[in-house]
Amino acid sequence: MSAPGISNFDLVIAGVGGQGTILASDIIGKAAVKENMSVRAAETHGMAQRGGSVVNHIRLGCELGSMIPLKGADVLLALEPSEALRYMDYLSEDGIIIVNTEPIFPVTVTSGLCTYPDVDAIVSAMEDKRKVKAFNASELAKEAGHPQSMNVVMVGAISNHLPVSVDFLLECVRELVPSKTVDINVRAFEMGRSVTQG
Amino acid sequence: MRKREYMLGNVAIARGIVEGGGQVISGYPGTPSSEIIGTLAIMKERDFYVEWSVNEKVALEVAAGASMAGVRSVVTMKHVGLNVAADPLMTLAYTGIKGSMVIIVADDPSCHSSQNEQDTRRYSQFSLIPCLDPCTPQEAKDMMPYAFEISNRLQIPVIFRPTTRISHGKSDVELGPVCEDRPAADFRKDLQRWVMVPSNARVQHGRLLELQKDILDELGDSPWNKLDIREDTRLGVIASGIASVYAREAIIKQDVDASFLKIGTCPVPVNKIRTLLENTDTVIVFEEMEPVVEEQVRIIAQETGSNVEIIGKIQGPVPRIFELNADICADVLAEVLGLERTDVPIDTGEDFDYDACRIELPMRPPVMCPGCSHRATFHVMKKVYGKDAIFPSDIGCYTLGIQSGTVDTTLCMGGSITVASGMYQAGEKKPICCSIGDSTFFHTGMNGLLNAIYNKADITVTIVDNRITAMTGHQPNPGMGKTATGEDTVAVSLEALCRSMGAGFVQSINPYDLKQTEEVFKRAKDYKGTSVVITNQLCVIDAKRSGIRRKPFTIDADECVGCKLCVNLGCPAIEFDIKSKKASINIMCTGCGVCASMCKFDAIYEVKK
């Protein structure tokens with residue numbers, strides 16, 4: 001867990017290059033700055049981005065380094081199920097996993113070199129070890145109006161756990177998504193938020 | 001309270017350049033440094049000049065010229081770029097500068113996006129040019145106006161070395177005032193200073209050595225070095241740059257009391273190190289990559305006759321490879337103090353413990369985009385030259401062609417054509433076909449081609465021209481007819497350039513046209529001498545951004561026989577179902593049509609809508 005004197009809230013966001021992990025982390029980081037918190041974040045850029053496995057670290061109320069220690073994250077927000085498992089070691093013993101159940105097959109799978117594990121098996125393996133909230137955020141994004149708003153669905157889903165006000169988060173969604181897609185993304189946020197409510 | 005903004009480290013550095021009143025900014029893209037110029041180039045109101053230069057040597061010389069004329073200049077690059085620019089760097093230390101000059105070199109410990117892990121502080125020691133080593137994006141921004149100031153005061157360039165976690169970290173950053181006052185360019189002739197003939201160089205070398213004491217005094221007292229002596233402990237921790245925040249976290253986590261010296265400069269603050277040594281029995285040194293600080297601490301300890309035990313990388317447990325983190329620092333503290341270790345493995349990105357869940361995960365390596373023309377080029381290249389052929393390659397997106405079996409070597413920027421030439425001159429009889437991108441060709445590939453043609457190397461040079469510097473985030477280059485700030489300029493013709501260098505065989509092709517590509521590669525292979533094939537096709541990301549829309553393709557399941565020819569192309573848009581033994585195309589298809597033209601059963605066709 002995030003420790004006093006180091007950080008108030010440690011979040012790891014995992015996904016696949018192109019899914020919008022950086023935008024998701026930007027919404028949260030910017031909202032936390034509006035809350036007057038110090039924020040430290042680390043991102044994957046460059047070569048690793050192209051369809052590869054990507055991970056962002058984001059620490060709220062932190063004035064040290066951006067890298068979350070292994071077994072240190074309060075929440076693991078995974079935009080893809082196999083990527084949730086890949087970065088599970090970052091999660092603390094009491095941490096929560098919020099995961100989109102829609103898989104993206106890597107080329108190693110589509111070309112038949114590797115097999116992709118059964119998504120239900122991934123979820124139940126995680127459930128054996130941690131508290132898990134699994135749902136198909138990609139379907140919700142389509143319902144909200146565009147499949148690309150999946151990352152914002154996920155931000156909505158984690159909003160119930162963040163030490164940041166919903167108003168600031170929504171304000172940042174509006175500021176950071178393309179202006180033509182604000183309504184879709186606000187809807188996506190609300191749909192994600194209602195999944196983890198109660 | 002001043003305004004605080006959430007920004008990327010490189011954006012904060014760009015802001016620091018503006019706050020410091022930078023006037024001429026040049027650079028060559030390279031992860032993790034590229035966004036500094038990217039940020040400056042898209043600013044709407046600009047009272048500075050900014051350019052993407054063709055390589056780092058050129059960029060450094062442009063910035064040097066500007067500062068010789070008396071203005072404030074900046075050059076940006078990644079660590080390996082400084083190798084290209086090392087020639088002017090070493091002599092620029094002799095001449096010094098007149099205005100101010102900051103050489104920003106972003107290091108990449110752990111090789112997140114690089115071919116090696118070199119430590120730029122070694123270049124600082126080598127060239128006798130001072131270096132600043134920031135610990136956070138905030139400090140990186142704050143250091144920039146200071147760097148201009150001491151560069152001007154000492155009349156020497158200053159190296160500024162962020163690492164990946166600074167450049168590609170994000171943080172809340174408190175903004176400072178923008179410097180409005182800017183010196184005007186006014187070059188004054190001074191042959192003894194600016195003309196490095198041997199008689200002048202010898203004098204200037206002496207001047208540079210004399211200047212070292214001033215540099216040491218200036219940096220030692222700078223706000224970037226902070227010493228905190230604790231009365232109740234004989235343990236000391238020294239940490240440089242970003243390692244200082246990791247070390248602080250480790251100290252809190254392990255609940256240790258230690259005197260702490262945070263270092264942000266190279267050369268190191270000698271007096272502060274002496275004071276720390278006087279107040280401790282054991283000192284642990286944390287720094288990323290090379291033991292630069294540790295070596296200096298050992299020298300100072302020896303000079304002062306100190307018996308303090310110094311623990312670091314030279315004999316101690318601090319790793320010399322990969323980036324550091326708070327866990328590694330915490331474990332070193334534990335080992336030294338006999339505390340409980342966290343036993344966290346070094347995160348190389350591969351050693352995760354998800355096996356504990358007894359589920360094997362598929363690898364997800366970065367790949368060329370769906371529809372990327374490099375994939376088509378490599379497919380035909382391999383077919384024509386054969387799997388025994390040698391395929392030297394270069395640094396760029398096409399390095400991902402390693403998955404296509406057409407990347408046998410990558411040494412450095414521009415190292416494809418030259419390595420291919422060397423293999424041919426060594427007497428290698430196998431066919432040799434190398435690949436290099438457009439931006440890399442302009443960077444240092446051109447010299448290699450000139451050399452290959454001049455020395456009659458019988459090789460094929462494939463310039464995979466996607467009309468952009470794609471891997472580093474889509475920067476313009478001389479082939480595009482656009483400058484960094486988006487202004488129109490001359491679009492240099494690769495074909496004309498290669499011909500003018502004397503290439504007898506130069507042929508441009510559309511790599512999506514597999515038939516034409518195959519025919520041209522066959523002729524290039526048969527050609528005696530250096531043949532050049534230029535593949536013309538816009539980067540798919542750039543094509544999408546510029547509004548080009550192609551209809552996607554689909555596979556007729558009734559016609560598909562499951563031969564996997566299209567699947568072996570390795571396009572993320574083509575999937576293979578093991579149960580039905582049929583291929584299918586997913587929503588990622590960008591409509592390049594390459595798979596359709598290779599299908600022998602006419603099972604792949606354009607979606608009609």
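Just so you know, these numbers come straight off a predicted model, no measurement behind them. First the proteins, then the strands, lettered A, B, ... as listed; each starts at 1.
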Among residues 100-118 of chain A, those lying within the under-4.5 Å heavy-atom range of chain B are A:I104, A:F105, A:P106, A:V107, A:T108, A:V109, A:T110, A:S111, A:C114, A:T115, A:Y116, A:P117
Under 4.5 Å to a heavy atom of chain A? For B:I242 that would be neither
On a heavy-atom basis, the closest approach of A:P69 and B:K253 is CB-NZ, 3.9 Å
Assert top hit (heavy-atom pairs under 4.5 Å, partner chain A, pool B:I574, B:I587, B:D577) equals B:I574
With chain A, the option among B:K170, B:Q403, B:E5, B:K564 that has the most non-hydrogen atom pairs under 4.5 Å is B:K170
* Does CE belonging to B:M588 count more than 12 external heavy atoms closer than 6.0 Å? -> yes
Whatever's closer than 4.5 Å to a heavy atom in chain A on B:Y246 counts as side chain
So CG of B:L361 and CG of A:L85: to nearest 0.5 Å the spacing works out to 4.5 Å
Applying a strict 4.5 Å limit to non-hydrogen atoms, the region of B:E35 in contact with chain A is side chain
Applying a strict 4.5 Å limit to non-hydrogen atoms, the region of B:I166 in contact with chain A is neither
Side chains of B:R165 and A:S66: donor-acceptor distance under 3.5 Å anywhere? no
Ranked by heavy-atom pairs below 4.5 Å to chain B, first place among A:S7, A:A121, A:G29 goes to A:G29
Interatomic distance, CD@B:E360 vs OG@A:S82, rounded to 0.5 Å, equals 12.5 Å
Interatomic distance, NE2@A:H57 vs CG@B:N325, rounded to 0.5 Å, equals 9.5 Å
- prompt: Has B:N116 got more than 12 heavy atoms of other residues, nucleotides or ligands less than 6.0 Å from its CG?
  reply: yes
So, the part of A:P147 with a heavy atom under 4.5 Å from chain B: the answer is neither
Under 6.0 Å from the CG atom of A:L23, do we count more than 12 heavy atoms belonging to anything else shown?
-> yes
In this structure, CD of A:E63 is separated from CZ of B:R248 (nearest 0.5 Å) by 11.0 Å
Note to self: For the backbone of A:V39 and the side chain of B:D172, can you confirm whether one donor and one acceptor N or O come within less than 3.5 Å of each other?
What the structure shows: yes
#### Entry: Cationic N near anionic O, under 4.0 Å, A:E83 to B:R364
yes
* **Crowding at CD, B:Q475 (>12 non-hydrogen neighbours, <6.0 Å)** => yes
For B:P362 and A:R86, the nearest pair of non-hydrogen atoms, with its separation, is O-NH2, 2.9 Å
*Around atom NZ of B:K544, are there more than 12 heavy atoms of other residues, nucleotides or ligands at under 6.0 Å?*
no
In short, B:Y6 meets A:A41 closest at the heavy-atom pair OH-CB, 3.3 Å
Applying a strict 4.5 Å limit to non-hydrogen atoms, the region of B:L569 in contact with chain A is neither
Whatever's closer than 4.5 Å to a heavy atom in chain B on A:A3 counts as neither
- [ ] Indicate yes or no for a side-chain donor-acceptor contact from B:D327 to the backbone of A:L70 under 3.5 Å, with no hydrogens or angles considered.
- [x] yes
Ranking B:E249, B:E575, B:Q138 by heavy-atom pairs under 4.5 Å to chain A gives rank one to B:E249
On a heavy-atom basis, the closest approach of A:A125 and B:I359 is CB-CD1, 3.6 Å
Under 4.5 Å to a heavy atom of chain B? For A:D26 that would be both
